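These notes are about the structure you will find just below.
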Amino acid sequence: QEWQNPFATWDPLDFCNISEIILPMDTYWSPPIFILERVNGQDPELNYMVLRHNGSFNSTRPFQVTLTCSLRILKFPFDTQTCNLSIASFLYPAVTDFVMKTRRTPAEIMKYSQSFFLTDGEWKFTNVSIIEYTEILDDKGFSVVTYLISMERRPTLYILNLILPTCALYLLDMAVLFGPSSLEEKINFQIAIILGSSMLAVILNNSLPTSSNKPPIIGTH
């Protein structure tokens with residue numbers, strides 16, 4: 001966060017060339033912001049800000065939060081999700097008192113965010129977009145900045161553990177059904193294939209996301 005306070009300025013020449021100082025967050029006014037999609041999280045312990053001689057404040061506070069996001073898993077595990085991260089302040093009207101602006105462009109934020117991904121997990125960070133708008137609440141306008149974060153699921157693990165074994169079982173089922181084996185051998189193979197399919201169905205049921213109204217195609221076949 002960066003903001004200006006014209007009442008907190010000084011001439012460095014009058015104070016031993018001191019051009020900036022570090023102060024606690026409660027020393028001066030700081031922008032009160034909220035994450036609208038937040039359901040849980042840990043507040044930062046780094047409650048300090050940097051004040052420069054020209055009245056410019058800078059505060060870097062790491063937040064670890066859990067957000068709510070509506071998932072569309074019809075194409076699971078080849079799905080792409082878009083989650084919103086909305087930052088707002090409903091204490092000061094946007095028209096007269098408080099307006100939020102992003103300092104970086106979406107491309108800069110994309111490059112900066114990718115530097116925090118230390119390992120390749122299940123999700124691949126693909127894109128980020130920014131929307132700045134005014135939210136009307138009780139006939140008052142409040143400044144809101146929304147980050148649209150797009151993520152693509154990495155399907156390799158699901159292909160190896162679910163899709164390929166399922167296809168192999170169905171091919172084996174067809175081969176046994178139309179093969180020259182006796183009826184007793186076919187029945188034994190069919191029982192083994194049914195047991196294998198049941199185990200894959202249990203694994204699939206534990207792997208499928210549950211936070212969606214529409215089940216994925218892979219779960220309905």
Side-chain angles (χ1 to χ4, degrees), residues 1-72 80-118 123 125-151 211:
Q1 292 179 286
E2 288 187 358
W3 67 96
Q4 290 288 134
N5 188 342
F7 301 102
T9 60
W10 71 90
D11 188 353
L13 298 178
D14 297 333
F15 297 94
C16 302
N17 289 326
I18 297 176
S19 59
E20 63 180 32
I21 56 176
I22 300 176
L23 299 172
M25 290 294 296
D26 56 358
T27 305
Y28 281 91
W29 177 89
S30 59
I33 61 173
F34 311 95
I35 300 177
L36 302 185
E37 295 84 4
R38 175 175 175 173
V39 295
N40 196 2
Q42 181 179 358
D43 293 330
E45 298 179 356
L46 190 65
N47 293 319
Y48 292 91
M49 56 187 176
V50 178
L51 170 60
R52 296 185 177 88
H53 66 93
N54 58 358
S56 173
F57 284 82
N58 184 290
S59 174
T60 302
R61 309 175 68 193
F63 282 88
Q64 182 179 357
V65 297
T66 301
L67 307 177
T68 177
C69 182
S70 177
L71 298 181
R72 298 176 178 86
T80 299
Q81 306 295 337
T82 300
C83 295
N84 295 344
L85 174 62
S86 300
I87 300 175
S89 178
F90 295 114
L91 299 180
Y92 302 97
V95 178
T96 57
D97 298 337
F98 191 85
V99 178
M100 291 192 300
K101 296 290 183 181
T102 56
R103 183 178 59 181
R104 296 184 176 95
T105 63
E108 293 173 341
I109 293 178
M110 178 74 179
K111 182 179 180 180
Y112 182 73
S113 300
Q114 286 178 336
S115 63
F116 290 95
F117 285 84
L118 302 180
W123 294 96
F125 186 54
T126 57
N127 189 35
V128 59
S129 303
I130 303 174
I131 301 177
E132 299 176 356
Y133 63 98
T134 301
E135 180 75 18
I136 304 300
L137 185 64
D138 295 335
D139 297 330
K140 294 182 180 180
F142 299 93
S143 180
V144 181
V145 176
T146 299
Y147 296 87
L148 281 70
I149 304 170
S150 298
M151 299 172 292
S211 57

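Keep in mind the model is a prediction, meaning the values are calculated, not measured.
The CD1 atom of Ile22 sits 11.5 Å away from atom CE of Met49, with the distance rounded to the nearest 0.5 Å. Separation of atoms OG1 (Thr68) and CD1 (Ile35) is listed at 13.0 Å; rounding is to 0.5 Å. Distance check: Phe57 CZ to Glu2 CD gives 12.0 Å after rounding to the nearest 0.5 Å. The CE atom of Met100 sits 8.5 Å away from atom CD of Glu132, with the distance rounded to the nearest 0.5 Å. For the atom pair CG of Asn84 and CG of Leu36, the computed distance is 10.0 Å after rounding to the nearest 0.5 Å. The structure places OH of Tyr28 at 12.0 Å from CH2 of Trp3, a figure rounded to the nearest 0.5 Å.
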How far apart are the C-alpha atoms of Glu37 and Ser86, what are their side-chain angles, what is the distance that settles it, and do they pass the side chain to side chain donor-acceptor pair (under 3.5 Å) test? CA-CA 7 Å; Glu37 295 84 4; Ser86 300; 2.8 Å; yes

Kindly determine whether Met25 and Ser59 satisfy side-chain contact (heavy atoms from CB on, under 4.5 Å), including the steps that lead there. CA-CA 8 Å; Met25 290 294 296; Ser59 174; 3.6 Å; yes

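Proximity of a side-chain donor or acceptor of Thr126 to a complementary backbone N or O of Ser150 within less than 3.5 Å is detected. Of the possible donor and acceptor atoms, one in the side chain of Ser89 sits under 3.5 Å from a partner among the backbone N and O of Pro32. Glu20 places no side-chain N or O within donor-acceptor distance of the main-chain N or O of Val50, the cut-off being under 3.5 Å.
Residue Arg103 comes nearest to Asn58 through the heavy atom pair NH1-ND2, 4.1 Å, listed as atom of the first residue, atom of the second, then distance. Heavy atoms only, all atoms of each residue included: Leu137 and Phe142 are closest at O-CE1, 3.6 Å. Closest non-hydrogen pair, Phe98 versus Ile33, comes out as CZ-CG2, 4.4 Å. Here the closest non-hydrogen pair linking Leu85 and Leu67 is CD1-CD1, 3.6 Å. Nearest heavy atom pair, residue Gln81 against residue Leu71, reads OE1-CA, 3.4 Å.
Considering only heavy atoms from C-beta on, Phe90 stays 4.5 Å or farther from Lys140 through its side chain. Residues Ser129 and Tyr147 form no side-chain contact, since every pair of their non-hydrogen atoms from C-beta on lies 4.5 Å or further apart. Inter-residue side-chain proximity for Ser143 and Tyr92 is flagged as unmet; no heavy-atom pair is nearer than 4.5 Å.
Using a 30° and 60° split on the angle between ring planes, His53 and Trp10 fall in the perpendicular class, above 60°.
Within a 6.0 Å radius of OH in Tyr48, no more than 12 heavy atoms belonging to other residues, nucleotides or ligands are found. Within a 6.0 Å sphere centred on OH of Tyr133, heavy atoms belonging to other residues, nucleotides or ligands number more than 12.
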